[in-house]
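Below: the structure, in structure tokens.
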Amino acid sequence: MQHTFPILTADEAARCITHLQTIGFSGFTPAGAAKAIPKAIAAYAQEEHKIGNPFQIGVVSGASTGKSLDGALAQAEAVLWRTPYQSDPDLRELINKGRTRFFDIHLSLLPQYVRYGFLGNIDWAVVEACDLTDDGEVVLTTSVGASPTFLNCADNILIEINRRHPPILRGFHDIYEPGDPPARREIPIYSTSDRIGTEFVRVNPAKIRGVVYNEAEDEARPFKPGDEVTRKIGENVAEFLASEIKRRRLPRGFLPVQSGVGNIANAVLQVMGEHPDIPPFEMFSEVLQDSVIDLMIDGKIKFASTTALSLSPEKMRFFYENLDFFRQRIVLRPQEISNSPEIARRLGVISINTALEVDIFGNVNSTHVLGQNIMNGIGGSGDFTRNAYLSIFACPSTAKQGRISTIVPHCSHIDHSEHSVQAIVTEQGSAILRCKDPAGRARAVIDNCAHPDYQEDLTSYFESARISYTQQTFGLAFAMHQQYLESGDMRGVDWGTLTRISAMLRSARGIARPNNPGVS
């Protein structure tokens, strides 16, 4: 390594951090996340807690991280507040119990929030790299995320050089930060493969307080094997996209694809790659998963722009064994660019994301369980959904062995409104929502996406609601959620009784049911 900065142990680096400081950590998913220093900070926090000293820090990263960062810090109860996205079960528990403050941010906005000062001072940047030079060239590893902004804005820098990632990763990254208003210009990316920046992050060497070496593997969680439901969801998405090509609503050469994270997203891409009527395509996304590597080898994906390589250990080894092949086909960008609404709109991205629940009018909840407990966060789904050429949300029609319907009368929390969602897909089928009024959307979702066990319930709700532009009845909108809270199963709502009670209450208040023959 070409540097003469102080070499520290992880423990020595951790003791540079003090109570109430704010740390910007590298990582977007576990890919490229700092590992050795956060674990040491967690151990240091536990030591301080044992002797009665407070020790908690503000934690900012590109997105979620791994068990050595979010997990270790949460177990040490060292996280005062966290943004913009997380997926660790221990941290999630602290957040939902109110012991760690969490605020959800669109991932494209995080870097500019840091530069604008909205998050306060960034005391330290702790960033994983594969190479570092004396003049301040930092070559990142398997993700970019918000690391360039952390490195430029932080008062102090600690670098983790991870020897598992070779310095010849130089060249995969395209580092570019837009100017801030009023000096901001357009981002000059006009095709998925355009490069507009540098291969490294240039920092002020005087801010680098030390370097820690480690060889820890990215802590990517293995995917669950695909099952019949995820396979069918993938088939339904692929069939919908193929039908859009046939109807000339998509160009025959197709458009760049953005795909969310997880088993469903992985399955959807796999099936899209197998479909004979979907041509080889490009990706403009925030994360590349295992299926992308396979499809690239098969020639089904031509090029991929991303901010993170969130690969299983097996696929990461394959990636490094074939670096020359992938160097011509993958570029890693800052999340401010990979998730840019401007570029998504310009390129005509097809966005495919997953939902926790969808209501019959097309609103989507992607973050909150029963409207109260955070799952992970909105991530980048909003960046793409609102600006996509075609926006799709996919999910199974039920959860918890059928006790929960993911299709509900009204979402318990709304992240993506009906105005941004063009299609819903489950294993039951697909519903095209664009250019439909609320009644048309409701019928499409109930008939095509809801599980048969719940279609009658959803139809009963819709038909019992007051006839109006959007047929909602406040007293019944969350009846299925309430049924689950009381019995552990959304099925069994007594719609007849509830409807009579609702009608009696309306009558008592003098609210007549309007006659609206225009709604059929």
Side-chain angles (χ1 to χ4, degrees), residues 28 62-63 84-85 104-113 116 144-146 174 176-181 184-194 196 237 240-241 244 249-251 253-261 265 268-269 272 281-288 303-308 331 333-355 358 362-367 377-394 411 414-425 432-436 441:
F28 195 104
Y85 182 88
D104 210 359
I105 301 176
H106 294 293
L107 297 186
S108 68
L109 291 177
L110 176 74
Q112 69 183 42
Y113 272 28
Y116 296 172
V144 179
D174 185 49
Y176 175 90
E177 279 195 275
D180 292 331
R184 177 169 291 190
R185 298 289 304 274
E186 73 280 1
I187 300 171
I189 290 178
Y190 308 107
S191 68
T192 303
S193 57
D194 282 351
I196 59 174
V237 170
F240 168 59
L241 293 172
E244 292 287 278
R249 294 170 180 162
L250 281 172
F254 216 54
L255 290 170
V257 173
Q258 175 265 332
S259 174
V261 181
V268 167
L269 286 175
M272 284 176 59
F281 56 91
E282 296 180 331
M283 293 194 68
F284 192 86
S285 196
E286 57 187 348
V287 171
L288 301 188
F303 193 90
S305 171
T306 186
T307 196
V331 62
R333 309 185 191 277
Q335 68 193 71
E336 192 170 18
I337 307 303
S338 68
N339 290 44
S340 167
E342 172 194 342
I343 301 172
R345 179 71 63 90
R346 180 184 299 138
L347 298 182
V349 167
I350 300 168
S351 73
I352 307 170
N353 290 289
T354 54
V358 179
N363 300 295
V364 171
N365 170 17
S366 58
T367 60
I378 196 169
S381 57
D383 297 325
F384 293 99
T385 297
R386 185 70 183 274
N387 300 281
Y389 181 99
L390 179 59
S391 57
I392 303 167
F393 276 90
C411 281
I414 294 176
D415 295 291
H416 313 281
S417 79
E418 62 195 69
H419 307 294
S420 303
V421 180
Q422 295 186 42
I424 303 296
V425 180
I432 302 175
L433 308 185
R434 63 182 173 223
C435 304
K436 285 185 171 67
R441 293 196 298 270

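Quantities reported herein were computed from a predicted structural model and do not represent experimental measurements.
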- Note on the structure: Sequence neighbours excluded, the answer for side chain to side chain donor-acceptor pair (under 3.5 Å) partners of Glu177 is Arg115, Thr149, Asn152
- With distance as the sole test, does Ser391 use its side chain to make a donor-acceptor pair with the main-chain N or O of Ser420 at under 3.5 Å? yes
- Check side chain to side chain donor-acceptor pair (under 3.5 Å) between Glu286 and all other residues, then give those that pass, not counting sequence neighbours. Asn339
- Query: Between atom NE2 of His416 and atom CZ of Phe393, what is the distance when rounded to the nearest 0.5 Å?
  - Reply: 3.5 Å
- Task: With rounding to the nearest 0.5 Å, note down the distance linking CD1 in Ile189 to OG in Ser338.
- Result: 9.5 Å
- Judged by atom type as modelled, is there a donor-acceptor pair below 3.5 Å linking the side chain of Asp104 to the main-chain atoms of Gly377? no
- Query: To the nearest 0.5 Å, how far apart are CD1 in Ile352 and CD1 in Ile392?
  - Reply: 5.0 Å
- Message: List the residues meeting side chain to side chain donor-acceptor pair (under 3.5 Å) with Asn363, not counting sequence neighbours, and say none if there are none.
- Response: Asp359
- Message: Minimum heavy-atom separation for Ile196 and Pro188, please, with both atom names.
- Response: CG2-O, 3.3 Å
- Task: Please lay out, stage by stage, how Leu390 and Leu241 fare under the test side-chain contact (heavy atoms from CB on, under 4.5 Å).
- Result: CA-CA 10 Å; Leu390 179 59; Leu241 293 172; 3.7 Å; yes
- Message: Could you report the tightest heavy-atom contact between Ser191 and Asp194, atom names first, then the distance?
- Response: OG-OD1, 2.8 Å
- Item | Listed partners of Ser305 passing side chain to side chain contact (heavy atoms under 4.5 Å, CB included), at least two apart | Thr192, Phe284, Val331, Arg333
- Is there side-chain contact between Leu347 and Leu255, with heavy atoms separated by less than 4.5 Å? no
- With Tyr85, which residues qualify under ring-ring contact (aromatic ring centres under 6.0 Å, His included), at least two apart? none
- Message: Give me the atom names and distance for the closest heavy-atom approach of Gly145 to Phe28.
- Response: CA-CD1, 3.9 Å
- Message: To check you understand the geometry: which heavy-atom pair defines the closest contact between Ala344 and Phe384, and what is its length?
- Response: CB-CD2, 4.2 Å
- Query: Mind checking what makes salt bridge (Lys or Arg N to Asp or Glu O under 4.0 Å) contact with Asp415, not counting sequence neighbours?
  - Reply: none
- For Ser108 and Pro111, work out which heavy atoms get closest and say how close. O-CD, 3.8 Å
- Query: Are more than 12 heavy atoms from other residues, nucleotides or ligands located less than 6.0 Å from atom CZ of Arg386?
  - Reply: no
- With sequence neighbours excluded, tell me which residues meet side chain to side chain contact (heavy atoms under 4.5 Å, CB included) with Ile432. Phe240, Glu244, Arg249, Arg434, Lys436
- Item | Short side-chain to backbone donor-acceptor contact, Arg346 and Ile187, under 3.5 Å | yes
- Message: I'd like to check the side chain to side chain donor-acceptor pair (under 3.5 Å) partners of Ser259; sequence neighbours left out, ordered by chain and number.
- Response: none
- Any side-chain donor-acceptor pair under 3.5 Å between Ser381 and Asn353? no
- Message: If the condition is side chain to side chain contact (heavy atoms under 4.5 Å, CB included), which residues does Ser285 pass it with, not counting sequence neighbours?
- Response: Gln258, Met283
- Quick check: does any side chain N or O of Glu282 sit under 3.5 Å from a backbone N or O of Pro256, one acting as donor and the other as acceptor? no
- Query: What pairs with Arg184 under salt bridge (Lys or Arg N to Asp or Glu O under 4.0 Å), at least two apart in sequence or on another chain?
  - Reply: Asp180, Glu336
- Message: I'd like to check the ring-ring contact (aromatic ring centres under 6.0 Å, His included) partners of Tyr176; sequence neighbours left out, ordered by chain and number.
- Response: none
- Note on the structure: side chain to side chain contact (heavy atoms under 4.5 Å, CB included) with Thr307: of Leu288, Val144, Leu107, Ile337, only one passes, and it is Val144
- Quick one: CD on Gln335 to CG on Leu109, what's the gap to the nearest 0.5 Å? 10.0 Å
- Item | Nearest-0.5 Å distance, CD1 of residue Ile378 to OG of residue Ser366 | 5.0 Å
- Task: Applying side chain to side chain contact (heavy atoms under 4.5 Å, CB included), name anything that partners Arg345, two or more places apart in sequence or on another chain.
- Result: Asn387
